[in-house]
Amino acid sequence: MSTLKQLADYVEKGKIEEVSSLVQKLLGDNISADRIVGEGLVPGLDAIGEKYSKFECFVPELMVAAMAAQEALKVLRPKMSEGTLHKPMGTIVIGTVAGDVHDVGKNIVAMVLEGSGFKVIDLGVNVPTASFLKEVKYQEAEILALSSLYTPTRLAMKEIIQALKDQGIRDKIKVMVGEPPLIRPSVT
């Protein structure tokens with residue numbers, strides 16, 4: 001197994017210490033941060049995400065894999081300016097909407113987007129509409145990513161999108177919405 005495939009396996013399994021030391025070894029072997037992210041971290045996250053979507057693992061396994069990938073990014077961040085990743089593909093403002101404090105999904109998405117070459121501005125949780133608007137304008141963001149877990153807080157997403165329209169910037173920005181999947185029991 002190649003070291004990049006081994007890295008993907010470690011990320012998928014959430015082996016934080018192994019991920020960190022392997023990333024350092026790969027950098028020492030002159031493997032670019034771009035390749036480490038694209039051929040190691042992203043495939044590992046894709047694999048755990050696929051398992052999660054098939055109900056083959058649960059949120060704790062997803063979180064540990066995300067923590068492993070975040071640890072790798074801590075090691076890689078200083079080297080990211082040396083490859084194509086230093087030229088951001090675009091700017092994304094991301095946050096969990098007002099009234100909601102859940103951030104696991106948001107954090108995973110932010111990390112994958114950053115690892116894929118985007119400049120990510122993470123506003124955190126319980127973010128009011130005005131803060132989203134202010135940061136989108138200030139950063140001249142191309143994408144706004146909204147996260148919500150609670151059903152009632154989904155209305156905040158509608159409010160934010162309406163505020164973008166009211167400010168005349170809705171047509172200038174893509175909006176990503178993240179919510180929990182609806183699980184429908186099958187009847188046999």
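Everything numeric here is computed off the predicted structure, so don't read it as measured data. Counting begins at 1 with the first residue of the sequence.
At least one side-chain heavy atom of Ile143 sits under 4.5 Å from a side-chain heavy atom of Phe118. Side-chain contact check for Val109 versus Leu113: some heavy-atom pair is nearer than 4.5 Å. Residues Asn126 and Thr96 have side chains not in contact (no heavy-atom distance under 4.5 Å, counting atoms from C-beta outward). By the 4.5 Å heavy-atom criterion applied to side chains, Ile92 and Glu142 are not counted as neighbours. When side chains are defined from C-beta on, Leu4 counts as touching Leu26, because their heavy atoms get closer than 4.5 Å.
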Subject >> Stepwise salt bridge (Lys or Arg N to Asp or Glu O under 4.0 Å) test for Lys5 and Asp9 >> reply: CA-CA 6 Å; Lys5 287 184 192 250; Asp9 186 60; over 6 Å; no
Exercise for the section: Assess whether side chain to side chain contact (heavy atoms under 4.5 Å, CB included) is satisfied between Val127 and Val97, documenting all intermediate values. Expected result: CA-CA 5 Å; Val127 180; Val97 299; over 6 Å; no
Could you walk me through whether Asp122 and Asn107 satisfy the side chain to side chain contact (heavy atoms under 4.5 Å, CB included) test, starting with their C-alpha distance in whole Å, then the side-chain angles of each, then the deciding distance to 0.1 Å, before giving a yes or no? CA-CA 8 Å; Asp122 188 345; Asn107 292 344; 3.8 Å; yes
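Residue Glu56 places its CD atom among more than 12 non-hydrogen atoms of other residues, nucleotides or ligands, all under 6.0 Å distant.
In terms of heavy atoms, Pro128 sits closest to Ala98 at CA-CB, 4.0 Å. Taking each heavy atom of Ser148 and Met157 in turn, the nearest pair found is CB-CE, 3.2 Å.
Remark: Asp100 engages His102, Thr153 in a side-chain hydrogen bond (donor to acceptor under 3.5 Å, both in side chains) (not counting sequence neighbours). In this view, Glu39 and Arg35 satisfy the salt bridge (Lys or Arg N to Asp or Glu O under 4.0 Å) rule, not counting sequence neighbours. Scanning for side-chain contact (heavy atoms from CB on, under 4.5 Å) contacts around Leu27 gives Val23, Ile36, Val75, Leu76, Lys79, with sequence neighbours left out. In terms of the salt bridge (Lys or Arg N to Asp or Glu O under 4.0 Å) criterion, Lys15 has no residue partners (sequence neighbours excluded). Under the side-chain contact (heavy atoms from CB on, under 4.5 Å) criterion, Met67 pairs with Ile16, Gln70, not counting sequence neighbours. Not a single salt bridge (Lys or Arg N to Asp or Glu O under 4.0 Å) links Glu159 to another residue, sequence neighbours left out. Glu61 pairs by the side-chain hydrogen bond (donor to acceptor under 3.5 Å, both in side chains) definition with nothing, not counting sequence neighbours. In this structure Ile121 satisfies the side-chain contact (heavy atoms from CB on, under 4.5 Å) test together with Thr91, Val93, Lys119, Leu123, Glu135, Gln139, sequence neighbours excluded. For Glu71, the salt bridge (Lys or Arg N to Asp or Glu O under 4.0 Å) criterion is met by Lys74, not counting sequence neighbours. Residues forming a side-chain contact (heavy atoms from CB on, under 4.5 Å) with Lys134 (at least two apart in sequence, or on another chain): none.
Hydrophobic clustering, with ILVMFWY side chains joined whenever heavy atoms are under 4.5 angstrom apart, groups Val175 together with Leu133. A continuous path of Ile, Leu, Val, Met, Phe, Trp and Tyr side chains, each step under 4.5 Å between heavy atoms, connects Leu144 with Val177, placing both in one hydrophobic cluster.
With rounding to the nearest 0.5 angstrom, the CZ atom of Phe132 is 4.5 Å from the CD1 atom of Ile160. Taken to the nearest 0.5 Å, the OG atom of Ser147 stands 10.5 Å off from the CZ atom of Arg154. The CG atom of Leu146 sits 6.5 Å away from atom CD1 of Ile161, with the distance rounded to the nearest 0.5 Å. Here Ser20 contributes atom OG and Tyr10 contributes atom OH; the two are 12.5 Å apart, rounded to the nearest 0.5 Å.
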Contacts table for residues 41-51: side-chain donor-acceptor under 3.5 angstrom, sequence neighbours left out:
{"unit_1": "Glu50", "atom_1": "OE2", "unit_2": "Lys54", "atom_2": "NZ", "d": "3.4"}
{"unit_1": "Lys51", "atom_1": "NZ", "unit_2": "Glu12", "atom_2": "OE2", "d": "2.8"}

Report all side-chain donor-acceptor pairs from residues 165-173 shorter than 3.5 Å, counting only partners two or more places apart or in another chain.
{"unit_1": "Asp166", "atom_1": "OD1", "unit_2": "Gln162", "atom_2": "NE2", "d": "2.9"}
{"unit_1": "Gln167", "atom_1": "OE1", "unit_2": "Lys137", "atom_2": "NZ", "d": "2.3"}
{"unit_1": "Arg170", "atom_1": "NH1", "unit_2": "Ile173", "atom_2": "O", "d": "2.7"}

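Within the 3.5 Å criterion, the main-chain N or O of Ile31 finds no donor-acceptor partner in the side chain of Asp29.
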